[in-house]
2 protein chains.
Amino acid sequence: MTGSPVAEQVLRSALAIEGAESLAAIEAEVRAIASPLGYDRFILFSASAVGDQVVERIYWVEGDWFGDGEDVDAETYVRRCPVTRHVLETREPFFWTKTIAMDGELYKIVRYPRGQGIHGLQIPVFGPLGLEGAMSLGGSQIDASRRARLSLGLIATTAFFSARRLLEAAAEAVGPLSEREREVLSWTAAGRRQVEIAATLGLSERTVENHLRRIRKRLGVATTPQAIRVAIRNGDIAG
Amino acid sequence: MTGSPVAEQVLRSALAIEGAESLAAIEAEVRAIASPLGYDRFILFSASAVGDQVVERIYWVEGDWFGDGEDVDAETYVRRCPVTRHVLETREPFFWTKTIAMDGELYKIVRYPRGQGIHGLQIPVFGPLGLEGAMSLGGSQIDASRRARLSLGLIATTAFFSARRLLEAAAEAVGPLSEREREVLSWTAAGRRQVEIAATLGLSERTVENHLRRIRKRLGVATTPQAIRVAIRNGDIAG
DNA sequence: GTTTCATTGAGGGAAATCCCTCATTTTGCT
DNA sequence: AGCAAAATGAGGGATTTCCCTCAATGAAAC
């Protein structure tokens, strides 16, 4: 489609992104790699695989994602987009195509985008807790080769972690679990219900519930089952 | 230390690994990239933190990891190694150094390995379920630049997923849980709610609920959080 | 051909969990 | 003493999970 990505440039940009001290610097590097490949719109966001909410926080939006006359803001658009939701179901970067049908826009996940419309590449980013973010790149004439996908995958992954480092500096100050919290969680892992744990420890059900909520918050998870896994992994409770 | 990685070669190898049809082909590509950087021993394995057990399955071991006269097998060595355990606690590739002290071997996680001894790079690999595997590379004279780390990170990540695709293809159900049940439980451990899992797997909420109930019954537990722990213990799902 | 089991789905209702906020007491630390 | 964090508890409402039963399909086993 356009020139194939220059490998040297890709590595160099990834390193630059890794050490970037501002979001603008990250954006510039991404553009430098993506533009020659035909991508001219970008979305970078943190995501959690939990809750109905896929998108957690948008780090960067750029380009004509919405078309003229659309009066949706970036947040709404990204959150509603079916392509965005698809990151929950995949473990690999994927291409998509948006065509204008009679009854509105039609998104499709495709192997190789071609033909009329806006095409794009969506790259999920994974971490210790599973899906942690994603980057979307789009354009009307894009390089959709495996090589481009691999290159942009590296760039996007690096960009996400770097952007998060910059923007969520003081966000996740999660401490370790307290003694009481470990105790409650251990009983939970042992199959006890909140009311039973309350009786065992001589607490009210409310307190047990409050402890569990605080535990989830601390561990940065959404559900108690997930808290069990994370706590086991962290060594907070016995596996 | 040695020549810096040729970016073009890195991208090419990553693509080759991605499409590889045999483990040997993957190994060859990794060697081609890693050797010039001074790495001559490799371990590739799937991982999960099941209590004491970090390593799940070793895909590939090569090189002089153990020294002469050592009569430990690869499994034991990798499982015992403190460096291996450290992948549980990190979200980034890291360098380590092994020095021979009077009272045995001493491993240290370092920013830039130098001096005498064996040095290495450990690269955790993440997926939708969190930590899913890792690759260890070692050598006595290694390139420990950020550039090398980034390049090998890409290579290792690609290699892991490709190797798993090849080797776990015919993995059959060994546990008491069926394939579908394991799948549902894994997503639960990853923090998904029933309705979300239903959407992801294309099932009705009812079906997911039924699966979970059957899982609890099979494992002989009362609650889903407990099922998570028991399943992790049994190795039915990743820790 | 019959039986078994995995997989899928549902109705209806009970139980449990989860979310928000607010408040009190205790404990550890400077 | 004074502050911060842990630990405790509650109100009130929204979601989610759980439990019972019932049922249809398809594939594998006998």
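Chain letters run A, B, ... following the sequence lines, proteins first and then strands; every chain starts at 1.
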[N], OP1 or OP2 - any side-chain N/O from [X] closer than 4.0 Å?
X	N	answer
B/Arg193	D/dT15	no
A/Thr207	D/dA7	no
A/Arg192	C/dT17	no

Looking at [X] and [Y], does any basic side-chain N land under 4.0 Å from a carboxylate oxygen?
X	Y	value
A/Glu181	A/Arg218	yes
A/Glu92	A/Arg149	no
A/Glu62	A/Arg31	yes
B/Arg193	B/Glu196	no

[N] [atom2] sits how many Å from [X] [atom1], rounded?
X	N	atom1	atom2	answer
A/Asn210	C/dC19	CG	P	11 Å
A/Glu179	C/dG28	CD	C1'	15 Å
B/Arg214	C/dT4	CZ	C1'	12 Å
B/Gln226	D/dT17	CD	P	18 Å
B/Arg182	C/dA6	CZ	P	12 Å
A/Glu205	D/dT8	CD	P	15 Å
B/Leu212	C/dT8	CG	C1'	14 Å
B/Leu185	D/dT17	CG	C1'	15 Å

Quick one: the side chain of [X] and the base of [N], do they pair up donor-acceptor inside 3.5 Å?
X	N	value
A/Arg206	D/dG12	yes
A/Arg213	D/dG9	no
A/Gln194	C/dC18	no

* Asked: So, for A/Ala134 and A/Gln122, which heavy atoms are closest and what is the spacing to 0.1 Å?
  ->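 Where A/Ala134 meets A/Gln122 most closely, the heavy atoms are CB-NE2, 3.9 Å.
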Ignoring the backbone of [X], work out which of [options] is nearest its side chain.
X	options	answer
B/Arg180	C/dC18, C/dG9, C/dT7	C/dT7
A/His211	C/dC18, D/dT8, D/dA6	D/dT8
B/Glu209	D/dC18, D/dT8, C/dC18	D/dC18

* **Toward the 5' end of DNA chain D, by each residue's nearest nucleotide, A/Val208 or B/Arg216** =>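 Closest to the 5' end, via its nearest nucleotide, is A/Val208.
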* Asked: Of B/Thr223 and B/Leu203, whose nearest nucleotide on DNA chain C comes first from the 5' end?
  ->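 Whichever sits nearer the 5' end wins; that is B/Leu203.
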* Asked: Which part of the nucleic acid, if any, lies within contact of A/Ser204, taking any heavy atom under 4.0 Å across all strands shown: a base, the sugar-phosphate backbone alone, or nothing?
  ->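 Here A/Ser204 touches the backbone only, sparing every base.
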